[in-house]
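In this text the structure is predicted, and so the values were computed from the model without any measurement. So that the names make sense, note that chain A is the first sequence line, chain B the second, and so on, each numbered from 1.
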Amino acid sequence: MPEGPSLVILKEEVKRFIGKKVTRIAGNTKIPVAEFEGQKLADFKTWGKHFLICFPKKTIRIHFLLFGSYRINETKITPPRLSLFFKNGELHFYACSVQIIEADLDSVYDWSADVMNEAWDPKKAAEKLKAMPKLQAGDALLDQHIFAGVGNIIRNEVLYRIKVQPESLIGKMPKKKINELIREARTYSFEFLEWKKAFVLKKHWLAHTKKICVRCEIPLVKKYPGKTKRRAFFCENCQKIYK
DNA sequence: CCGGTTGTTCAGCG
DNA sequence: GCGCTGAACAACCG
């Protein structure tokens, strides 16, 4: 569930509830959400991996973490963390983090950092990267302040596509390669969205969970590099390390 | 049945 | 105060 494009799919699936009144709110969240009962749902937004349920004055923020899930007009066996009931249906969230945001969203979120957002700004990403020369390329892609919405799958696929080894240092990469990384982070995310919608995401993976490099026909390396220590799949032959 | 993970936060330490 | 590490959370798959 968790990467940015999946939240865009969710946002499309729940459009029917925009403008509708919440007739009942429930769930095992410890966050006090009773105040939203009876309120009109103003909008759904996403920022990276944050799913935002907007009410006139406040916003409920859902983060799916690693195991979070949701159901529309059906339930799972496990108890919902948060449930919203409307006259025209119901929406349930499981195993997710729930928070209430009281501040104006524009003051909380830098929309230009979200790879799925129309306000996405590659120049700003380039500026942020320039200030972090010692950052590894793999860690950079997972940095939500720079590439909000990019998760481990997108990270592995982008680096494989642009032939960059995840431990490469940003400061050692040519400007052209940095720009390629930024461009591909967005391009791949939108392809991820289309493939996921069509239920064909996995079959398009070239690196993530794969054993063999399709370009070199040699085994891929599995390693947990960088500060994020997420599993990285890469080819030592065709993905260049800049160091 | 066990090991592993599309993620983040926080306590503890040096 | 900083960065780093490990734990915690939690559900499902193979």
Are Lys45(A) and Asp114(A) close enough for a salt bridge, meaning some N to O gap below 4.0 Å?
-> no

Just wondering, are more than 12 heavy atoms of other shown residues or ligands nearer than 6.0 Å to NZ in Lys197(A)?
-> yes

Result for 5'-nearest mapping on DNA chain C, choosing between Leu65(A) and Lys202(A), is Leu65(A)

Proximity to DNA chain B (any heavy atom under 4.0 Å), residues of residues 221-234 of chain A only = Tyr224(A), Arg230(A), Arg231(A)

Are any of the side-chain nitrogens in Glu191(A) or Arg161(A) under 4.0 Å away from the carboxylate oxygens of its partner?
-> yes

Atom pair distance, as rounded to whole Å: CG in Leu66(A) and P in dG4(B) = 14 Å

4.5 Å side-chain heavy-atom contact, Trp111(A) and Asp106(A) | yes

Roughly how many Å is it from CG in Leu141(A) to P in dG7(B), rounded to a whole number?
-> 12 Å

Ile146(A) and Ile170(A): same hydrophobic cluster, using ILVMFWY side-chain contacts below 4.5 Å?
-> yes

Distance, nearest 0.5 Å, that separates CG of Leu169(A) from NZ of Lys134(A) = 10.0 Å

Quickly work out the Leu142(A) CG to dT5(B) P distance and round it to whole Å.
-> 14 Å

Under 3.5 Å, which protein N or O atoms sit close to an N or O of nucleotides 10-13 of chain B? Give each pair with its distance.
none

Rounded distance in Å between the P positions of dG3(B) and dA7(C) = 15 Å

Rounded to the nearest Å, what distance is computed from the CZ atom of residue Phe67(A) to the C1' atom of nucleotide dG4(B)?
-> 9 Å

Inter-nucleotide P distance (dT6(B), dC4(C)), Å rounded = 22 Å

Flag if over 12 foreign heavy atoms under 6.0 Å of NZ, Lys76(A) = yes

Specify whether Phe51(A) and Phe93(A) have parallel, tilted or perpendicular ring planes, treating 30° as the upper limit for parallel and 60° as the lower limit for perpendicular.
-> tilted

Within this structure, what is the CD1-to-C1' distance between Ile62(A) and dG7(B), rounded to whole angstrom?
-> 15 Å

What's the shortest heavy-atom distance between Ser97(A) and Leu65(A), and which atoms?
-> CB-CD1, 4.0 Å

Do Phe36(A) and Tyr70(A) share a hydrophobic cluster, counting only Ile, Leu, Val, Met, Phe, Trp and Tyr and linking them when any side-chain heavy atoms are less than 4.5 Å apart?
-> yes

Would you mind reading off the distance between Phe64(A) atom CZ and dT6(B) atom P, rounded to a whole angstrom?
-> 18 Å

Ionic contact status for Lys196(A) with Glu3(A), cut-off 4.0 Å | no

side-chain hydrogen bond (donor to acceptor under 3.5 Å, both in side chains) between Asp110(A) and Trp47(A): does it pass, once the steps are laid out?
-> CA-CA 8 Å; Asp110(A) 171 9; Trp47(A) 180 85; 5.9 Å; no

Between dC9(C) and dC1(B), how far is it from one P atom to the other, in whole Å?
-> 23 Å

Lys124(A) bridged to Glu127(A) by N-O distance under 4.0 Å = no

Could you check which residues of residues 112-120 of chain A get a heavy atom under 4.0 Å from DNA chain B? Sort them by number, please.
-> none

Evaluate whether atom CD of Glu74(A) has more than 12 neighbouring non-hydrogen atoms of other residues, nucleotides or ligands under 6.0 angstrom away.
-> yes

Do Glu180(A) and Lys177(A) meet the salt-bridge criterion of a basic N to acidic O distance under 4.0 Å?
-> yes

Beyond-backbone contact of Gln239(A) with Tyr160(A), side-chain heavy atoms, under 4.5 angstrom = yes

The dot-bracket string of DNA chain B, counting Watson-Crick and G-U wobble pairs with both distances under 3.5 Å, using [ ] for crossing pairs and | for pairs to another strand, is .||||.||||||||

Which donor-acceptor pairs under 3.5 Å do side chains of residues 80-90 of chain A form with protein atoms, sequence neighbours excluded?
unit_1	atom_1	unit_2	atom_2	d
Arg81(A)	NE	Asn28(A)	OD1	2.9
Arg81(A)	NH1	Cys96(A)	O	2.7
Ser83(A)	OG	His92(A)	ND1	2.8
Asn88(A)	ND2	Arg16(A)	O	3.0
Glu90(A)	OE2	His92(A)	NE2	2.8

Roughly, in whole Å, what's the span from CD1 in Ile153(A) to C1' in dT6(B)?
-> 4 Å

Nearest-angstrom distance from the residue atom CD of Gln144(A) to C1' of dT9(B) | 14 Å

Heavy-atom nearest nucleotide on DNA chain B taken for Leu201(A) and for Arg61(A); more 5' hit belongs to Leu201(A)

Phosphate OP1/OP2 of dG7(B): any His63(A) side-chain N/O under 4.0 Å = no

Walking along DNA chain C from 5' to 3', note the first and the last nucleotide with an atom under 4.0 Å from a heavy atom of chain A, and give both.
-> dT5(C) to dC12(C)

